[in-house]
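Working notes, beginning with the structure itself.
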Amino acid sequence: MAVAAFRGLLNGEHCGDKRMERKPSGKRRVFVQTETGCVLAMELDRSDNAHTVKRKLQLALDIPTEERSLIYGDTVFKNDLSSVRNDSPLLLTRNFMHRSSSTPCLSPTGKDLQPRDQSGPIEILGYSSHFSRTKQLVKEIVMAMKNGVDPIPVHSGLGGAYYFRNCQGENVAIVKPTDEEPYAPNNPKGFVGKALGQPGLKRSVRVGETGFREVAAYLLDYDHFADVPCTALVKVTHTIFNINDGVNGNKNQERKQVSKIASLQQFIPHNFDASDHGTSSFPVAAVHRIGILDIRILNTDRHAGNLLVRKFNGTGSFGQVELVPIDHGLCLPENLEDPYFEWIHWPQASIPFSEDELDYINHLDPFRDSEMLRMELPMIREACLRVLILCTIFLKEAAAFGLCLAEIGEMMSREFRGHEEEPSELELICIKARRLLGESKMLCNDVKEGDTQEFHFSTDYGEQEFDSTLDMEEKLATKSFKCSRAENSRDSLFRVNESTEEEEEVESERNVIAVRVDGSGDSVRYRSPSFSRLPTLLKNMSISERSWQHEGRMKKSGYLGGASSGNRSVNEQVPASTSFVKLGDMKEEEWVQFLDHFQKFLYRAFMNSKSGQKQKQRLGTSCRF
Ligand SMILES: Nc1ncnc2c1ncn2[C@@H]1O[C@H](COP(=O)(O)OP(=O)(O)OP(=O)(O)O)[C@@H](O)[C@H]1O
């Protein structure tokens, strides 16, 4: 009966076929994933809305749906589904987010395994021309499966992963289902206890959301600069996958065809990983290129095991090797986090960037990158895109200033004093920029209705209204502000600029980078902050010595003690990672203004970093076990 509800709603388009964004009939196929990982392909009619879809799901899966919502990244669908694109993975999740993390999400009795749908065994979710290599891989894998060559589980790592093979039995891809990640409901290695969408191994990366990050890293790696293997998001159906049963997270021994949303990455034959090999033979260019990527995406998990080492031409002659970066599931966190850069103390990272590398960095455009990701991976959260923008600006300015990879990595990494974690230089700059944003907002809010649209205030008179903690350079930076209310903006777009000559010059370099249509249908134009120049106003100001300490005094005690079998309590084992700076909670106009402030503080911070470099104490926060 459940299957009947879907008759005619599913189709079997082959993964290699050219798929249109929306079929002429107005029908779209979506993949709905429940919190327990179960995936169902559905075809939506023009008339379908969130209620009708939930009703169909209830019938098909025999699960209650009243207290649940359909979500897609940041979007919660109340009713209208017209913005959902063909082949989107939607998540059906409970409305209340105060689920006890000690109570594993209920996967009642294995009953909610989805009925067989008619889509192909592997479907690529996305249309990018970048996935042409992946399409080829998928064809090879499907052919092999038809010939009885099945995938095999990967035993290393914390998450569920499977090598998919070609007809010759060679590994050609590694597939990681999103519901088998560490702590996800169907993790096969005993690390269970959370529902999809809850904070995961890193608090700023939700359970079930590492797959699209792997794809994002691949898509951002323009011209295969860092050599990230081709990666796509897929819906894949096989009996090999793991399903846990009931509240205990025990493995369901019954092998059935199940569909999963997963990342599929090209398998790269290799000789070692970087933890098994002396680092001195690693080419400077490879380390730089991987480091540049890691900085852009704020990789929190670049441990040595995530760098595959391939002997050059397979012979190893002259000790030459190639490095291939893998496992980007913990990049682009939703907040600034402590990154983990294994390369930070390798000598190669202290060698200045080459001209080619500087040229590549110079041509990076974080706003174009975030637009591209929004198009290719619509489920990506805005907060992650802001991290990408911020870190790319930081990289561009730092490289233009003359910092090397190691120095940039140092500035992004947190320090440990005693057992206390302190914000990184990058986070300190953001804290200052946010404080300044708060102060300028307060001042702008003081303007009464009916006042002129343009007004001035001076430091002398504004000072009393500032937070007493505002330090010297912030006071100077806020000196003589001119707040102008952007005209025609329904959502009160404010721009705060210094009324200095430098400001005039900088202002003239700014371009409109995006036109956003707000809820009222009005368009709001955003400017791109200048990358090439820092306002000279702040060059002589000092960023105060780091005095700020996290009030909670979080102790960093590392992650899990081991990776053997047996279920683990999430509460005991989720790391206490701190968020010093949030980027996602700013409104669009605040974010633009924040970026302006952020850039103004960079120059001095770079000067300080050059003059006072000291070795930081790090405990290491990668997720390698
Ligand atoms: N593209 C690839 N090509 C070849 N081997 C790979 C590839 N990706 C992963 N592997 C292998 O699979 C193993 C597990 O993969 P991966 O590290 O991505 O999983 P994980 O569960 O995220 O691991 P970890 O817990 O170490 O971060 C790796 O140790 C590596 O040997």
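When reading the values below, keep in mind they use all heavy atoms of this one structure, side chains included, and skip hydrogens, waters and symmetry mates. Read the numbers this way: they start at 1 and go in the same order the structure lists the ligands and their atoms. By convention here, the first residue in the shown sequence is residue 1.
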Side chains of Tyr162 and Glu180: do they bring a donor and an acceptor to under 3.5 Å? yes
Below 4.0 angstrom from a heavy atom of Ser156, which ligand 1 atoms are there? Numbered from 1 as shown, please. 13 (C), 14 (C), 29 (O)
Flag side-chain contact, heavy atom, 4.5 Å: Glu382 against Arg374: yes
Ring of Tyr360, cation from Arg296 - is the NZ or CZ under 6.0 Å from the centre and inside 45° of the axis? no
Heavy atoms only: which of Tyr163, Phe272, Phe191 is nearest to atom 11 (C) of ligand 1? Tyr163
Using distance alone, decide if ligand 1 has a nitrogen or oxygen within less than 3.5 Å of any nitrogen or oxygen in Glu214. no
Do the ring centers of His288 and Phe353 come within less than 6.0 Å of each other? yes
Answer yes or no: is there an ion pair linking Lys235 with Asp87, defined by an N-O contact shorter than 4.0 Å? no
Is it the side chain (CB and beyond), the backbone, both or neither of Asn171 that lies under 4.0 Å from ligand 1, heavy atoms counted? neither
With a heavy-atom distance limit of 4.0 Å, tell me whether Asp273 approaches ligand 1 through its side chain, its backbone, both, or neither. neither
Does Val32 form a side-chain contact (heavy atoms from CB on, under 4.5 Å) with Leu70? I'd like the steps, not just the answer. CA-CA 8 Å; Val32 184; Leu70 284 170; 3.9 Å; yes
His270, Gln266, Gln265: member with heavy atom nearest to atom 5 (N) of ligand 1: His270
Glu334 and salt bridge (Lys or Arg N to Asp or Glu O under 4.0 Å): which partner among Arg206, Arg203, Lys202? Arg206
In ligand 1, which numbered atoms sit nearer than 4.0 Å to a non-hydrogen atom of Asp301? 27 (O)
Checking contacts here: is it the side chain or the backbone of Val324 that comes within 4.0 Å of ligand 1, counting heavy atoms only? Could be both or neither. neither
Gly305 near ligand 1 by a heavy-atom separation under 4.0 Å: no
At under 4.0 Å between heavy atoms, is it the side chain or the backbone of Tyr162 that contacts ligand 1, or both, or neither? neither
Numbering the atoms of ligand 1 from 1, which are under 4.0 Å from a heavy atom of Gly157? 21 (O), 23 (O), 25 (O)
N/O separation below 3.5 Å, Ile174 to ligand 1: no
